[in-house]
Chemist: 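Take a look at the following structure, please.
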Amino acid sequence: MDTTMIITAGILALLLILLVARLISNRRRRIRREANPRKITLKDIDLMADGSEFELYLFRLFHELGYDEVYQTTGSRDFGADLVFRGRDGRRNVLQAKRYGQSNPVGLGAVQEIYASMRYYEAERAIVLTSGRYTEGSRTLAAVNEVKLLDREDLEDIIHLFKSRRYDEAVAIIEEPAESIESPWKPKFKKAT
């Protein structure tokens, strides 16, 4: 074979590889845009462009899990909640979704915001769900205020159970009671001078 044929074959092979890669990339982007819970994986969630895609995915997932009255709040004036839904026990829940990476844990603000939103949405239960993890401070504040925290492992389990059509087990993770502790705060008195 002469060098011209080798170069031509190499260029054609490279173009074919680029075409296949683009088709795969476009398919993944379309799946994320549709937010179809049957097709989305944790890897797709990690690749989502922003939190609104994650919120849409959760809205559709909770609806598919059979929750009643699932509402997605408006983006800019959501008062700290991204979803509002009625649990199987009849109680209204508010949920804040945080699509965070493993290196960027969810802090106190998310717990404060979702707890404060309960009154606005007349909810009895608050949940923060992240694709990442939580700081120790956010875990403590959530436990003191009985805010349910669902992390990456919980999300992975919920996705797996949903795709396996084990809806009741997925719902059980979501509706499991929040951790509860007494406030560790101890006042220290100082004399006024």
Side-chain angles (χ1 to χ4, degrees), residues 14-75 78 80-88 93-107 109-111 113-114 125-136 138-139 142 147-179:
L14 181 61
L15 288 173
L16 183 61
I17 290 169
L18 289 173
L19 178 65
V20 169
R22 184 171 185 125
L23 289 172
I24 290 170
S25 174
N26 286 344
R27 181 179 180 277
R28 283 233 174 261
R29 224 176 290 129
R30 185 177 37 64
I31 287 170
R32 286 194 308 271
R33 194 173 50 248
E34 293 170 359
N36 184 336
R38 300 221 178 274
K39 296 179 181 176
I40 294 283
T41 65
L42 203 51
K43 185 176 182 178
D44 293 319
I45 291 169
D46 290 338
L47 295 173
M48 288 178 173
D50 59 31
S52 65
E53 288 182 25
F54 186 45
E55 294 164 17
L56 177 61
Y57 164 74
L58 291 174
F59 169 74
R60 292 187 175 161
L61 175 66
F62 278 57
H63 183 71
E64 293 272 333
L65 283 170
Y67 280 109
D68 291 329
E69 300 178 30
V70 182
Y71 303 99
Q72 187 175 9
T73 61
T74 57
D78 63 15
D82 298 313
L83 292 181
V84 179
F85 65 96
R86 189 160 309 278
R88 299 264 169 103
N93 293 257
V94 286
L95 181 141
Q96 187 175 81
K98 292 293 186 187
R99 192 193 57 80
Y100 281 20
Q102 294 284 35
S103 61
N104 186 20
V106 177
V111 176
E113 289 172 12
I114 197 64
R125 191 162 178 265
I127 303 167
V128 181
L129 191 155
T130 184
S131 60
R133 59 187 180 85
Y134 296 95
T135 63
E136 195 56 43
S138 64
R139 287 188 179 282
V147 171
K148 175 73 176 169
L149 298 182
L150 296 168
D151 62 15
R152 185 177 188 85
E153 290 176 12
D154 297 317
L155 178 59
E156 190 170 34
D157 290 343
I158 292 166
I159 291 170
H160 171 74
L161 292 167
F162 171 75
K163 288 183 177 183
S164 301
R165 300 189 184 278
R166 293 162 47 198
Y167 305 137
D168 289 338
E169 292 175 64
V171 167
I173 292 171
I174 296 165
E175 294 194 2
E176 183 177 80
E179 184 180 336

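Bear in mind the structure is a predicted one, so any value in this text is a computation, not a measurement.
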Chemist: Looking at Asp46 and Lys43, would you say the former's side chain and the latter's main chain have a donor-acceptor pair under 3.5 Å?
Modeler: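 Checking the backbone N and O of Lys43 against the side chain of Asp46, no donor-acceptor pair under 3.5 Å is found.
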Chemist: Closer than 3.5 angstrom, by distance alone: can the side chain of Arg133 be matched with the main-chain N or O of Gln102 as a donor-acceptor pair?
Modeler: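 Yes; judged by distance alone, with no hydrogens or angles, the pair exists.
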Chemist: In Å, rounded to the nearest 0.5 Å, how long is the span from CD of Glu53 to CD1 of Ile45?
Modeler: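 Atom-to-atom, Glu53:CD and Ile45:CD1 are 10.5 Å apart.
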Chemist: Atom CD1 of Ile174 and atom CD of Glu169: how far apart are they, to the nearest 0.5 Å?
Modeler: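 That separation rounds to 12.5 Å.
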Chemist: Test of understanding: with salt bridge (Lys or Arg N to Asp or Glu O under 4.0 Å), list the residues that count as partners of Glu176, not counting sequence neighbours.
Modeler: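 With neighbours one apart ignored, the set is Lys148.
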Chemist: Side-chain contact, heavy-atom cut-off 4.5 Å: Asp44 with Lys39?
Modeler: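 No; the side chains remain at least 4.5 Å from each other.
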Chemist: What distance separates Arg99 CZ from Leu129 CG, expressed to the nearest 0.5 Å?
Modeler: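 Taking CZ in Arg99 and CG in Leu129, the distance rounds to 13.0 Å.
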Chemist: May I ask you to decide if the ring planes of Phe85 and Phe62 are parallel, tilted or perpendicular, using 30° and 60° as cut-offs?
Modeler: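 Ring orientation, 0 to 90° scale: perpendicular.
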Chemist: Which atoms form the tightest heavy-atom contact between Ile114 and Ala126, and what is the distance?
Modeler: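 Closest pair (atom of Ile114, atom of Ala126, distance): CG1-CB, 3.9 Å.
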Chemist: Run through Leu155, Thr130, Asp157, Ile127 and flag the one making a side-chain contact (heavy atoms from CB on, under 4.5 Å) with Leu150.
Modeler: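 Only one of Leu155, Thr130, Asp157, Ile127 forms a side-chain contact (heavy atoms from CB on, under 4.5 Å) with Leu150, namely Ile127.
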Chemist: Between Met48 and Ile40, does a side chain to side chain contact (heavy atoms under 4.5 Å, CB included) hold up when you go through it step by step?
Modeler: CA-CA 10 Å; Met48 288 178 173; Ile40 294 283; 4.3 Å; yes
Chemist: May I ask you to test the Thr73-Gln96 pair for a side-chain heavy-atom distance under 4.5 Å?
Modeler: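 Thr73 vs Gln96: side chains apart.
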Chemist: Would you call Arg88 and Asp168 a salt bridge, taking side-chain N to carboxylate O under 4.0 Å as the test?
Modeler: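 Result for this pair is yes, salt bridge flagged.
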Chemist: Using a cut-off of 6.0 Å, state whether more than 12 heavy atoms not belonging to Glu179 lie near its atom CD.
Modeler: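 Incorrect, the count does not exceed 12.
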Chemist: Where is the tightest heavy-atom contact between Phe59 and Val70, given as atom of each residue plus distance?
Modeler: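 It is CE1-O, 3.3 Å.
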Chemist: Would you please test Arg139 and Asp151 for salt bridge (charged side-chain N to carboxylate O under 4.0 Å, His left out) and show each step?
Modeler: CA-CA 11 Å; Arg139 287 188 179 282; Asp151 62 15; 3.5 Å; yes
Chemist: Of the options Val84, Val128, Val147, which is the one that meets Val94 in a side-chain contact (heavy atoms from CB on, under 4.5 Å)?
Modeler: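 Per the side-chain contact (heavy atoms from CB on, under 4.5 Å) rule, the option paired with Val94 is Val84, out of Val84, Val128, Val147.
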Chemist: Is any side-chain heavy atom of Leu83 less than 4.5 Å from a side-chain heavy atom of Leu58?
Modeler: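 Yes, their side chains come closer than 4.5 Å.
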Chemist: Are side-chain heavy atoms of Pro105 and Tyr100 found at a separation under 4.5 Å?
Modeler: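 No - every pair of side-chain heavy atoms lies 4.5 Å or more apart.
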Chemist: How long is the gap from NZ on Lys163 to CD1 on Ile158, to the nearest 0.5 Å?
Modeler: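 If we round to the nearest 0.5 Å, Lys163:NZ and Ile158:CD1 are 13.0 Å apart.
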Chemist: Who are the salt bridge (Lys or Arg N to Asp or Glu O under 4.0 Å) partners of Glu64, not counting sequence neighbours?
Modeler: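 Per chain and number, Glu64 pairs via salt bridge (Lys or Arg N to Asp or Glu O under 4.0 Å) with Arg38.
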Chemist: Just by modelled atom types, is the Tyr134 backbone N or O under 3.5 Å from a matching donor or acceptor in the Ser138 side chain?
Modeler: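 Here the side-chain-to-backbone pair does not exist.
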Chemist: Please determine whether side chain to side chain contact (heavy atoms under 4.5 Å, CB included) holds for the pair Asp82 and Phe54, giving the CA-CA distance in whole Å, both sets of side-chain angles, and the decisive distance to 0.1 Å.
Modeler: CA-CA 10 Å; Asp82 298 313; Phe54 186 45; over 6 Å; no
Chemist: Under the salt bridge (Lys or Arg N to Asp or Glu O under 4.0 Å) test, which residues partner Glu69, sequence neighbours left out?
Modeler: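 Once residues adjacent in sequence are excluded, the partners of Glu69 under the salt bridge (Lys or Arg N to Asp or Glu O under 4.0 Å) criterion are Arg86.
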Chemist: Determine the minimum heavy-atom distance between Ser52 and Asp50, stating which atoms define it.
Modeler: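 Result for this residue pair: OG-OD1, 2.5 Å.
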Chemist: Could you give the distance from OG (Ser164) to CD1 (Ile159), rounded to the nearest 0.5 Å?
Modeler: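 Reported value, rounded in 0.5 Å steps: 11.5 Å.
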